[in-house]
Enquirer: 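Before I ask anything, let me first share the structure, which is written out below as structure tokens.
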Amino acid sequence: MKLIEMNLRDYLDVLKSEAPAPGGGSVSALSGAQGAALVSMVCELTIPKERYAEFKELCQSVREEILEIYERLTLSIDEDTEAFSKVSAAMKLPKESDEEKAVRSQVIQEATVTATEVPYKVMELCLAGLETTARIVGRSNPNAASDLGVADLNLLAGVKGAYLNVMINLPSLKGEGVKERFADAGEIVETAQAIAEKIYAEVAASL
């Protein structure tokens, strides 16, 4: 069964077990998805209210954007675990002959690249979520301001958690230009941190 299809208790039971997956990568994607879901909720609590009519069009636009991010992050929850499982399976391939060693090495590399691409994508999605969230801070239902703050924290956790999963894989990546594909990961974290701090400060000041 996919993680996204589990009930919350079953998911947490698997997460706290000795099973190596799901792990930090899937949790990072889930954190981001939770943040995106909260932003959507704030939009839903704003759009139909006459007293917030001036924010309606903006919140409709933000809702559309954040729901796309949400859908992609929910897919990443299972994609991360699946990517890890492929690396684990590749590690168990036979390595008796030179040919087997070569095949095993190639399969491990391909699986590791995928296992790096998934959290990198989560980083990008969560950053996009933060940028979208920033658009409605102070321009949405003020009674749900704290929810935007929590969304902000979850999206930032998604960025920083996924970053750690990118970084732990980098030493294992080989081949010309492979590592360079993830060279801006640190910059994504810095950008996300700056946006998240601004959102949090504005939300806290409004309470």
Side-chain angles (χ1 to χ4, degrees), residues 1-16 21-49 52 55-83 118-165 188-189 191-193 195-204 206-207:
M1 178 183 290
K2 289 184 176 295
L3 298 172
I4 196 65
E5 295 172 352
M6 289 183 174
N7 68 47
L8 187 56
R9 172 65 70 179
D10 288 345
Y11 165 76
L12 291 173
D13 283 344
V14 173
L15 186 62
K16 70 180 178 65
S26 291
V27 169
S28 298
L30 176 58
S31 293
Q34 289 185 143
L38 277 172
V39 175
S40 176
M41 183 193 80
V42 173
C43 291
E44 296 289 357
L45 292 172
T46 305
I47 293 168
K49 308 288 187 182
Y52 310 126
F55 306 137
K56 181 175 181 177
E57 187 174 339
L58 172 62
C59 285
Q60 287 175 327
S61 173
V62 164
R63 179 180 60 183
E64 183 176 341
E65 290 178 19
I66 207 66
L67 285 177
E68 182 177 348
I69 292 169
Y70 166 82
E71 292 296 340
R72 293 175 66 187
L73 283 169
T74 56
L75 291 175
S76 298
I77 295 169
D78 279 292
E79 286 174 350
D80 190 89
T81 292
E82 290 164 4
V118 173
Y120 181 80
K121 180 181 67 175
V122 169
M123 291 182 67
E124 293 182 315
L125 288 169
C126 288
L127 173 58
L130 284 167
E131 291 170 337
T132 300
T133 303
R135 294 174 58 199
I136 59 169
V137 175
R139 292 175 288 278
S140 53
N141 188 331
N143 297 314
S146 60
D147 296 298
L148 281 183
V150 176
D152 171 58
L153 293 172
N154 273 266
L155 286 162
L156 181 60
V159 173
K160 298 178 83 169
Y163 173 73
L164 297 179
N165 281 270
I188 292 175
V189 173
T191 301
Q193 183 75 44
I195 295 172
E197 287 180 357
K198 187 173 185 295
I199 291 173
Y200 191 86
E202 290 181 7
V203 167
S206 72
L207 301 180

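Computation of the quantities below employed the complete heavy-atom set of this structure, encompassing side-chain atoms and omitting hydrogens, waters and symmetry-equivalent molecules.
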Enquirer: Establish, from distance only, whether the side-chain atoms of Gln60 and Glu64 form a donor-acceptor pair under 3.5 Å.
Expert: no
Enquirer: Taking the side chain as C-beta and beyond, is there a heavy-atom pair between Thr46 and Leu58 under 4.5 Å?
Expert: no
Enquirer: Do Val14 and Pro22 have side chains that approach each other closer than 4.5 Å (heavy atoms only, starting at C-beta)?
Expert: yes
Enquirer: Can you tell me if Ser206 uses its side chain to pair, donor with acceptor, with the backbone of Val203 under 3.5 Å?
Expert: yes
Enquirer: What's the spacing between Leu45 CG and Asn143 CG if we round to 0.5 Å?
Expert: 9.0 Å
Enquirer: Is any side-chain heavy atom of Glu65 closer than 4.5 Å to one of Arg135?
Expert: yes
Enquirer: Return the CD1 to CE distance between Ile77 and Met6, rounded to the nearest 0.5 Å.
Expert: 11.5 Å
Enquirer: Using modelled atom types and a 3.5 Å cut-off, is there a donor and acceptor pairing between side-chain atoms of Ser76 and backbone atoms of Arg72?
Expert: yes
Enquirer: When you look at CD of Glu57, are more than 12 heavy atoms from neighbouring residues, nucleotides or ligands closer to it than 6.0 Å?
Expert: no
Enquirer: Please find the pair of heavy atoms, one from Ala36 and one from Leu155, that lie closest to each other, and give the distance.
Expert: N-CD2, 4.2 Å
Enquirer: Indicate the atoms forming the closest heavy-atom contact of Ser26 with Thr81, along with that distance.
Expert: OG-OG1, 2.7 Å
Enquirer: Could you tell me whether Tyr70 atom OH has more than 12 heavy atoms of other residues or ligands within 6.0 Å of it?
Expert: no
Enquirer: Could you give the distance from CG (Asn154) to CG (Leu73), rounded to the nearest 0.5 Å?
Expert: 11.0 Å
Enquirer: Test side chain to side chain contact (heavy atoms under 4.5 Å, CB included) on Tyr11 and Leu30; report intermediate values, then the result.
Expert: CA-CA 11 Å; Tyr11 165 76; Leu30 176 58; 3.6 Å; yes
Enquirer: Would you check if the side chain of Arg139 reaches a backbone N or O of Cys59 as a donor-acceptor pair within less than 3.5 Å?
Expert: no
Enquirer: Does Met123 form a side chain to side chain contact (heavy atoms under 4.5 Å, CB included) with Lys160? I'd like the steps, not just the answer.
Expert: CA-CA 7 Å; Met123 291 182 67; Lys160 298 178 83 169; over 6 Å; no
Enquirer: For Ile188 and Tyr120, run side chain to side chain contact (heavy atoms under 4.5 Å, CB included): C-alpha distance rounded to whole Å, both residues' side-chain angles, the deciding distance at 0.1 Å, then the answer.
Expert: CA-CA 10 Å; Ile188 292 175; Tyr120 181 80; 3.9 Å; yes
Enquirer: Hey, what do you get for CD1 (Ile66) to CD (Glu71), rounding to the nearest 0.5 Å?
Expert: 11.5 Å
Enquirer: Evaluate the criterion side chain to side chain contact (heavy atoms under 4.5 Å, CB included) for residue pair Lys2 and Glu82; output intermediate values, then yes/no.
Expert: CA-CA 10 Å; Lys2 289 184 176 295; Glu82 290 164 4; 3.1 Å; yes
Enquirer: Locate the shortest heavy-atom distance separating Asn165 from Gly24; write the atom from each residue and the value.
Expert: ND2-C, 3.6 Å
Enquirer: Heavy-atom distance under 4.5 Å between the side chains of Val122 and Asp80, does that happen here?
Expert: no
Enquirer: Output the distance between atom OG (Ser140) and atom CD (Glu44), rounded to the nearest 0.5 Å.
Expert: 12.5 Å
Enquirer: Which heavy atom in Cys126 sits nearest to a heavy atom in Gly32, and how many Å separate them?
Expert: SG-CA, 3.7 Å
Enquirer: Which value, rounded to the nearest 0.5 Å, describes the distance between Leu148 atom CG and Tyr200 atom OH?
Expert: 13.0 Å
Enquirer: For a quick test of reading the model, state the closest non-hydrogen atom pair linking Gly35 to Ala151 and the distance between them.
Expert: O-CB, 3.3 Å
Enquirer: For a quick test of reading the model, state the closest non-hydrogen atom pair linking Ala144 to Val42 and the distance between them.
Expert: O-CG2, 3.8 Å
Enquirer: Decide yes or no for Tyr163 and Ser28: does some side-chain heavy atom of the first lie under 4.5 Å from some side-chain heavy atom of the second?
Expert: no
